[in-house]
Amino acid sequence: MKRKTLNKEVQYNGIGLHKGEEIKMKLIPTENGGIIFKRVDLEDGKNVILMDIENTFDLTRGTNLKNEFGAAIYTIEHFLSALYIAGITDLIVELDGNELPIGDGSAKVFLEILEEAGIKELSDEVKEIKIEQPLNLTVGDKHIVALPYDGYKITYTIKFDHSFLKSQMLEIVLDMDSYKTEIANARTFGFDYEVEYLKKNNLALGGTLDNAIVIKNDGVLNPSGLRYDDEFVRHKILDLIGDLKVLNRPIKGHIIAIKAGHALDIEFAKLLKKQEEELC
């Protein structure tokens, strides 16, 4: 598979989820170097953060990167999810803050701006990660398994001890069409009892019913309701695609996840990388 970048620069401005500040994001084509985040609000020379699995940190509520100087970028998973399905391997992402815009809480806006810029195929190849033997990771009651498969398929199960949101399961074979119609529009979500805690800890200051689903005892607070009956598990698949994108390589295999999350996703990505290195 060929490496890819964008045809032209494109810019998007939006609110960051946690700080609630306006973020300017500029996507700049490049033909080498992978995915590079650049904090233009910080000192030159210390403000470049390479998308590398070794740079991930603090995976409690999102996927975040930090360089050796402490420059960090938060909540990248929705953007990376769109990059994965578009096949973008090389890009400079300039930001004037420490998080990406949240958009509407899905990957929809990111996919739209990638399509607006257009995709440019490069001459170099990117080697796919091919699952040739079963691989699994279990931490408590959370599991991720990878099996051989001629394509990219994800099966995801979520389970919550909640009066409204209990269990959901979805299996999907991924390509651009299925991602656009079944995954890209699924929004991030949280529970109403979490909101006060988050605000007290200066988190989710930019969170509104326009960019997140808030779950109450008997439904959701969002006046427009849900985009899919099972929007929650669809968003978890969106997150998983984005989290595994930190490897910056296409994946061929069947990924089965049960109650996983960002921390388990990244640990599993490390396992995938280690297996690849052992096979080489």
Side-chain angles (χ1 to χ4, degrees), residues 1 51 53 56 59 62-63 75-89 105-108 110-111 114 126-139 141-160 165-189 213 226-276:
M1 187 176 292
M51 188 184 75
I53 198 163
T56 58
L59 302 165
T63 299
T75 323
I76 63 173
E77 61 272 14
H78 303 166
F79 175 63
L80 294 189
S81 188
L83 288 188
Y84 180 89
I85 205 67
I88 302 295
T89 55
S106 74
K108 179 174 180 285
F110 297 124
L111 204 53
L114 296 179
V126 57
K127 185 184 176 186
E128 70 181 8
I129 294 173
K130 186 175 182 180
I131 308 299
E132 296 184 333
Q133 56 191 31
L135 185 67
N136 72 84
L137 175 64
T138 294
V139 176
D141 62 349
K142 304 175 189 295
H143 312 271
I144 302 183
V145 176
L147 300 172
Y149 180 77
D150 187 21
Y152 192 20
K153 180 162 67 174
I154 295 179
T155 305
Y156 207 119
T157 300
I158 59 172
K159 185 177 181 183
F160 291 92
L165 179 56
K166 298 186 183 301
S167 297
Q168 293 184 348
M169 191 274 279
L170 182 66
E171 182 168 282
I172 187 165
V173 176
L174 280 168
D175 57 28
M176 178 60 86
D177 288 341
S178 65
Y179 183 88
K180 269 187 178 180
T181 57
E182 306 295 334
I183 302 299
N185 296 322
R187 296 162 293 172
T188 192
F189 62 91
I213 304 167
L226 296 172
R227 293 175 176 174
Y228 313 88
D229 289 342
D230 57 354
E231 188 166 357
F232 310 105
V233 71
R234 290 171 190 260
H235 185 79
K236 286 293 191 178
I237 291 173
L238 185 157
D239 278 347
L240 176 60
I241 295 164
D243 288 343
L244 297 183
K245 173 62 176 172
V246 297
L247 296 171
N248 207 21
R249 290 168 62 191
I251 295 172
K252 182 175 280 190
H254 181 188
I255 309 294
I256 302 167
I258 301 170
K259 295 182 66 175
H262 301 296
L264 198 70
D265 295 350
I266 297 300
E267 282 306 306
F268 190 75
K270 290 178 179 178
L271 269 186
L272 282 177
K273 183 181 177 184
K274 182 180 178 184
Q275 185 187 63
E276 281 286 297

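A quick note: this is a predicted structure, and the numbers were derived from the prediction, not measured. Note: hydrogens, waters and symmetry copies are ignored here, and every other heavy atom, side chains too, is used.
Side-chain contact check for H262 versus D239: some heavy-atom pair is nearer than 4.5 Å. Side-chain contact between Q275 and L135 is present, with at least one heavy-atom pair separated by less than 4.5 Å. For the pair S81/Y179, a side-chain contact is recorded, criterion being any heavy-atom separation below 4.5 Å from C-beta on. Annotation: side chain of L244 is in contact with side chain of I251 (closest heavy-atom distance under 4.5 Å). Put simply, the side chain of I237 reaches to within 4.5 Å of the side chain of L170, judged on heavy atoms. Contact check for F189 versus L165: side-chain heavy atoms found under the 4.5 Å cut-off. Counting only heavy atoms from C-beta outward, the side chains of K236 and Q168 never approach each other to under 4.5 Å. Counting heavy atoms from C-beta on, the side chains of T155 and M169 come closer than 4.5 Å.
Here NZ of K108 is found 11.5 Å from CZ of R187. Values are rounded to the nearest 0.5 Å. Taken from CD1 in I85 to CG in L114, the straight-line distance is 11.5 Å, to the nearest 0.5 Å. Separating the CD1 atom in I241 from the CD atom in E77 is a distance of 12.5 Å, to the nearest 0.5 Å.
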- Message: Pair L80, D243 - check side chain to side chain contact (heavy atoms under 4.5 Å, CB included), show working.
- Response: CA-CA 7 Å; L80 294 189; D243 288 343; over 6 Å; no
- Can you list the steps and then say if E128 with R249 is a salt bridge (Lys or Arg N to Asp or Glu O under 4.0 Å)? CA-CA 6 Å; E128 70 181 8; R249 290 168 62 191; over 6 Å; no
- E231/I213 under side chain to side chain contact (heavy atoms under 4.5 Å, CB included): CA gap, chis, key distance, verdict: CA-CA 9 Å; E231 188 166 357; I213 304 167; 3.5 Å; yes
- Message: Please evaluate residues T181 and D177 with respect to the criterion side chain to side chain contact (heavy atoms under 4.5 Å, CB included), reporting the C-alpha separation (whole Å), side-chain torsions for both, the decisive distance (0.1 Å), and the verdict.
- Response: CA-CA 6 Å; T181 57; D177 288 341; 5.7 Å; no
- Task: Using the side chain to side chain contact (heavy atoms under 4.5 Å, CB included) rule, take I158 and H235 through it: C-alpha gap first, then chi angles, then the decisive distance, then the call.
- Result: CA-CA 11 Å; I158 59 172; H235 185 79; over 6 Å; no
Review item, side-chain donor-acceptor pairs of residues 146-154, under 3.5 Å, at least two apart:
{"unit_1": "D150", "atom_1": "OD1", "unit_2": "K252", "atom_2": "NZ", "d": "3.2"}

Just list the side-chain donor-acceptor pairs under 3.5 Å for residues 266-274, sequence neighbours left out, or say none.
none

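With sequence neighbours left out, S106 forms a side chain to side chain donor-acceptor pair (under 3.5 Å) with D104. Considering only residues two or more places apart in sequence or on other chains, Y228 meets the ring-ring contact (aromatic ring centres under 6.0 Å, His included) condition with none of them. Taking S178 as the reference, D175 meet the side chain to side chain donor-acceptor pair (under 3.5 Å) condition, with sequence neighbours excluded. Among residues two or more places apart in sequence or in another chain, the side chain to side chain donor-acceptor pair (under 3.5 Å) test is passed with D141 by K259.
For E182 and R234, the salt-bridge test passes: some basic side-chain N is under 4.0 Å from an acidic carboxylate O.
Across every non-hydrogen atom of A107 and A82, the tightest pair is O-CB, 4.3 Å. M176 and A86 make their closest contact through CE-CA, 4.0 Å (heavy atoms, listed as atom of the first residue, atom of the second, distance). Listed here is the closest heavy atom pair of D229 and L226: O-CD1, 4.1 Å. For the pair G261 and Y156, the tightest heavy-atom approach, listed with the atom from each and the gap, is N-OH, 4.0 Å.
With 3.5 Å as the limit, one finds no donor-acceptor pair spanning the side chains of H78 and T188. No side-chain N or O of T89 forms a donor-acceptor pair with one of N248 less than 3.5 Å apart.
With I183 as the partner, the side-chain contact (heavy atoms from CB on, under 4.5 Å) test is satisfied by one option alone out of L240, L238, L111: L238.
Within 6.0 Å of CE in M1 there are 12 or fewer heavy atoms belonging to other residues, nucleotides or ligands.
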